[in-house]
Amino acid sequence: MKKNIALLVFLILMISPGVLGQQQDQDKNTDSEETQEPYFFWGGNLWLAFGSLDMVDINILFGNQITERLSVGISAKYQYYNDERKGFDPALSSSVSFKAHTYGGSTFLQFAVIKDFREIFPVKMQSGIIAHAEYELLNTSYNYVYFNSADTDRNRYWLHNILLGGGYYQQLGKKARSWIILLWNVNETDDNPFEYPQFRIGFSVAF
């Protein structure tokens, strides 16, 4: 997958506008003016890749910042996957392609291990380290290209993923933040075609 292209598209569309306005916000706002807990937030992340492997991955989330460090939420996920690379099974034609629509949702919990680097280092922007735990339920199609064989007895099935990891977040003004996390699946099964760890970049906005 062309992850570099996906990453660049996301950064331009989602993160750059917030960064441009952040310096002005930091100069005029104090900590007392920041959104106070508890509050609700929405956000998500987007991946785009095109080529011999096309993928559109959309994740929309809604959550509650319960305390300064702890947040919980739910998310909905949809992925379109089109793999036009040659299958490995000799019984399959060289022109075969695999298409799949994956959908589902998850519940997640995030905890700020380091809430604000400004309390430790002389930096200007609020940022920190977060731990992330997530239970993900996905309905997907049997990927005969990935598993190296066609299986006419299998069609759609459910995956139960338990994702653990963490990463870095940065505050963008008073209400918005961006984050980068790396997640491992501790319940990975043989029929799971997804690769781990997963790298995610996203954003959230308080309301």
Side-chain angles (χ1 to χ4, degrees), residues 1-49 57-77 106-136 161-186 195-207:
M1 294 182 295
K2 299 182 179 179
K3 291 186 177 179
N4 291 335
I5 296 178
L7 176 61
L8 180 60
V9 170
F10 183 86
L11 290 175
I12 293 175
L13 294 179
M14 297 298 184
I15 297 179
S16 295
V19 174
L20 291 175
Q22 182 178 5
Q23 288 299 327
Q24 294 179 352
D25 288 339
Q26 292 290 338
D27 291 339
K28 24 180 213 183
N29 296 324
T30 64
D31 291 341
S32 62
E33 293 176 309
E34 294 177 355
T35 305
Q36 298 298 307
E37 299 81 12
Y39 61 83
F40 293 102
F41 61 87
W42 70 274
N45 56 278
L46 170 69
W47 285 103
L48 299 173
D57 193 335
I58 303 172
N59 190 44
I60 301 173
L61 61 88
F62 175 81
N64 189 324
Q65 188 72 36
I66 301 175
T67 69
E68 290 183 347
R69 293 182 181 271
L70 180 65
S71 64
V72 296
I74 59 175
S75 71
K77 180 184 182 73
S106 68
T107 61
F108 66 87
L109 179 148
Q110 281 189 352
F111 182 79
V113 180
I114 299 178
K115 186 177 73 71
D116 194 343
F117 273 125
R118 293 179 299 181
E119 299 174 357
I120 305 174
F121 305 109
V123 294
K124 295 183 178 180
M125 301 179 183
Q126 180 181 350
S127 59
I129 299 296
I130 52 176
H132 184 101
E134 181 174 342
Y135 168 69
E136 182 181 61
N161 302 322
I162 300 176
L163 307 175
L164 298 177
Y168 172 86
Y169 87 89
Q170 180 171 295
Q171 197 71 28
L172 303 175
K174 293 188 296 181
K175 294 187 176 183
R177 66 174 53 177
S178 62
W179 38 264
I180 302 173
I181 56 175
L182 195 63
L183 299 175
W184 285 262
N185 188 359
V186 299
E195 296 181 359
Y196 299 93
Q198 287 186 352
F199 180 67
R200 294 184 187 175
I201 299 178
F203 76 101
S204 63
V205 179
F207 65 92

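It should be emphasised that the depicted structure is a prediction, and the values quoted were computed from it without experimental measurement. The figures here come from the full heavy-atom set of this structure, side chains too, leaving out hydrogens, waters and symmetry mates.
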Please report the interatomic distance [atom1]([X]) to [atom2]([Y]), rounded to the nearest 0.5 Å.
X: K77; Y: I60; atom1: NZ; atom2: CD1; answer: 11.5 Å
X: F117; Y: Q171; atom1: CZ; atom2: CD; answer: 14.0 Å
X: L109; Y: L164; atom1: CG; atom2: CG; answer: 10.5 Å
X: E37; Y: L70; atom1: CD; atom2: CG; answer: 10.5 Å
X: L163; Y: W184; atom1: CG; atom2: CH2; answer: 11.5 Å
X: L172; Y: S127; atom1: CG; atom2: OG; answer: 10.5 Å

Which heavy atom of [X] sits nearest a heavy atom of [Y], and at what distance?
X: E195; Y: Q198; value: O-CG, 3.6 Å
X: Y169; Y: Q126; value: OH-NE2, 3.6 Å
X: N59; Y: A76; value: OD1-O, 3.1 Å

Below 4.5 Å, heavy atoms only, C-beta onward: do L61 and F41 meet side chain to side chain?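 Heavy-atom side-chain distance check passes, below 4.5 Å.
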
Are E134 and I181 close enough that some pair of their side-chain heavy atoms sits under 4.5 Å apart?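 A side-chain contact under 4.5 Å is absent here.
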
May I have the step-by-step check of side chain to side chain contact (heavy atoms under 4.5 Å, CB included) for I201 and N45, ending in yes or no? CA-CA 6 Å; I201 299 178; N45 56 278; 5.8 Å; no

Surrounding NZ of K115 (heavy atoms of other residues, nucleotides or ligands, distance under 6.0 Å), is the total greater than 12?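 Enclosed: over 12 neighbouring heavy atoms sit under 6.0 Å from NZ of K115.
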
Side chain to side chain contact (heavy atoms under 4.5 Å, CB included) assessment of K175 paired with F207: CA-CA 8 Å; K175 294 187 176 183; F207 65 92; over 6 Å; no

Ring-plane angle category for W42 and F203, please: parallel below 30°, perpendicular beyond 60°, tilted otherwise.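 Aromatic pair W42/F203 classed perpendicular.
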
Parallel, tilted or perpendicular: which one describes the rings of F108 and H132, with boundaries at 30° and 60°?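 F108 and H132: parallel rings.
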
Any donor-acceptor N/O pair, [X] side chain to [Y] backbone, under 3.5 Å:
X: R177; Y: S204; value: no
X: N64; Y: F40; value: no
X: Q36; Y: P38; value: no

Taking side chain to side chain donor-acceptor pair (under 3.5 Å) as the definition, give me every residue that meets it alongside Y135, ordered by chain and number, with sequence neighbours left out.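 Result, side chain to side chain donor-acceptor pair (under 3.5 Å) vs Y135: H160.
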
